[in-house]
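Worksheet: one structure, shown below.
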Number of protein chains: 2
Amino acid sequence: MGSIALGSSCDFRIEDMLVKEEDIDRASRSLKAISHPLRLKILCVLGDKEVSVQDIVDNVGTSQSNISQHLAILRDKGILASRKDANRVYYRVGDYRTLRLISMMQEVFCSAPH
Amino acid sequence: MGSIALGSSCDFRIEDMLVKEEDIDRASRSLKAISHPLRLKILCVLGDKEVSVQDIVDNVGTSQSNISQHLAILRDKGILASRKDANRVYYRVGDYRTLRLISMMQEVFCSAPH
DNA sequence: TTATTGTATTTGTCTATACTAATATACTAC
DNA sequence: GTAGTATATTAGTATAGACAAATACAATAA
């Protein structure tokens, strides 16, 4: 009871789901940071690569100021890490867990089969 | 290149990640609906069960009005389904994909090992 | 040094969201 | 019918978020 078969390699138990307030608050903070179209697109543009702000601006398509503000939000929440090289700043997804979550969301939300 | 090994049973390819505006908008709308502490807690209280509003109120811990408003948001976004039985209304997570996502978030965000 | 490029921050404004309190609706029981 | 219970909705207010425009900062190039 409480176990749902989801496929050959991925089951989960309901009892293991998030229960602690602390976990819930942390998860909702991170999700809130991710759940904005531009920020989600930034994450998708980044993928597992390291990309300069300029390239992010070109790929995402809004003002430099706006991108910078969204990058700050993602950086402050620990979603992104950054590195400065000469004139430019390069951003990357901070950890594997977030990369995994993005991939998972693609599985859940994307229309295209995979 | 572009492939990240995440474990024995779950790899993903960056090229497969969300790219279409449509997918991004849909995902961000759903994530926004989920990324509120009370709504996330509602989802966790529900799990794979069907729970009455009264029981949700008791478990989540805020006013009936507030819960009802959050339930409406989740219902309107298609996250939850509801069923009326006599005096009561029972809510449940609408589809397996969302249940999976909640479980995935638990993997990504929760402190406890699993 | 000044000019230029790349990025960040500040400020103001507009919109969206969250919450409470009160009220409305729907159903049951009597 | 009335009273009571369960849920939804509305209205008002308060807070947070998003965006643009302007400016600041940092590094390089000349």
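A donor-acceptor pair is defined here as one N or O able to donate and one able to accept, closer than 3.5 Å; such a pair exists between the side chain of Ser30(A) and the backbone of Arg26(A). Listed for the Ser68(A) side chain is no donor-acceptor partner under 3.5 Å among the backbone atoms of Gln64(A).
dT7(C) atom C1' lies 14 Å from atom CG of Asn66(A), rounded to whole Å. The CG atom of Leu38(B) sits 16 Å away from the P atom of dT17(C) (whole-angstrom rounding). Rounding to whole angstrom units, CD1 of residue Ile67(B) and C1' of dA6(D) are separated by 14 Å. In this structure, Asp76(A) places its CG atom 16 Å from C1' of dA16(D), rounding to the nearest Å. In this structure, Arg88(A) atom CZ and dT5(C) atom C1' are separated by 9 Å, rounded to whole Å. Atom CD1 of Ile56(A) and atom C1' of dA8(C) are 14 Å apart (whole Å). dA18(D) atom C1' lies 17 Å from atom NZ of Lys41(A), rounded to whole Å. For the pair Leu74(A) CG and dA18(D) C1', the computed distance is 14 Å after rounding to whole Å.
Set against dT20(C), dT7(C), dA8(D), the side chain of Gln54(A) has dT7(C) as its closest nucleotide. Of the candidates dA18(D), dT17(C), dA8(D), the closest approach to any side-chain atom of Ile73(A) belongs to dA18(D). Comparing atom distances between the Ser65(B) side chain and each of dC19(C), dA8(C), dT9(D) picks out dT9(D) as nearest. For Arg39(A), the listed nucleotide lying nearest its side chain is dA18(D); candidates were dA18(D), dT9(C), dA11(D).
Ser63(A) comes within contact range of the sugar-phosphate backbone alone, with a heavy-atom separation under 4.0 Å but no base atom that close. Here Tyr90(B) lies out of heavy-atom contact (under 4.0 Å) with every strand.
Put simply, Tyr91(A) has no side-chain N or O that comes within less than 4.0 Å of OP1 or OP2 on dG6(C). Side-chain nitrogen and oxygen atoms of His70(A) include at least one within less than 4.0 Å of the OP1 or OP2 phosphate oxygen of dC19(D). Side-chain N/O atoms of His36(B) include none lying less than 4.0 angstrom from OP1 or OP2 on dA16(C).
Each of Ile67(B) and Ile73(B) belongs to its own hydrophobic cluster when Ile, Leu, Val, Met, Phe, Trp and Tyr are linked at side-chain heavy-atom distances under 4.5 angstrom. Val53(A) and Tyr90(A) fall into different hydrophobic clusters, where Ile, Leu, Val, Met, Phe, Trp and Tyr residues are linked whenever their side-chain heavy atoms come under 4.5 Å apart, directly or through other members.
Positionally, the nearest nucleotide of DNA chain D for Leu71(B) lies more toward the 5' end than for the other of Lys32(A) and Leu71(B). Position along DNA chain D of the nearest nucleotide to Gln69(A) versus Val53(B) favours Val53(B) as the more 5'-ward residue.
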Extract from the structure each pairing of a protein N or O with an N or O of nucleotides 23-28 of chain C at less than 3.5 Å, listing the distance.
| unit_1 | atom_1 | unit_2 | atom_2 | d |
| --- | --- | --- | --- | --- |
| dA26(C) | O3' | Lys84(B) | NZ | 3.4 |

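Among residue pairs with one or both ends in residues 35-62 of chain A, those qualifying as ring-ring contact (aromatic ring centres under 6.0 Å, His included) are His36(A)-His70(A); sequence neighbours excluded.
Side chains of Val89(A) and Leu71(A) form no contact here, defined as non-hydrogen atoms less than 4.5 Å apart. No side-chain heavy atom of Val57(B) sits less than 4.5 Å from a side-chain heavy atom of Thr62(B).
The CE atom of Met104(A) sits 8.5 Å away from atom CZ of Arg100(B), with the distance rounded to the nearest 0.5 Å.
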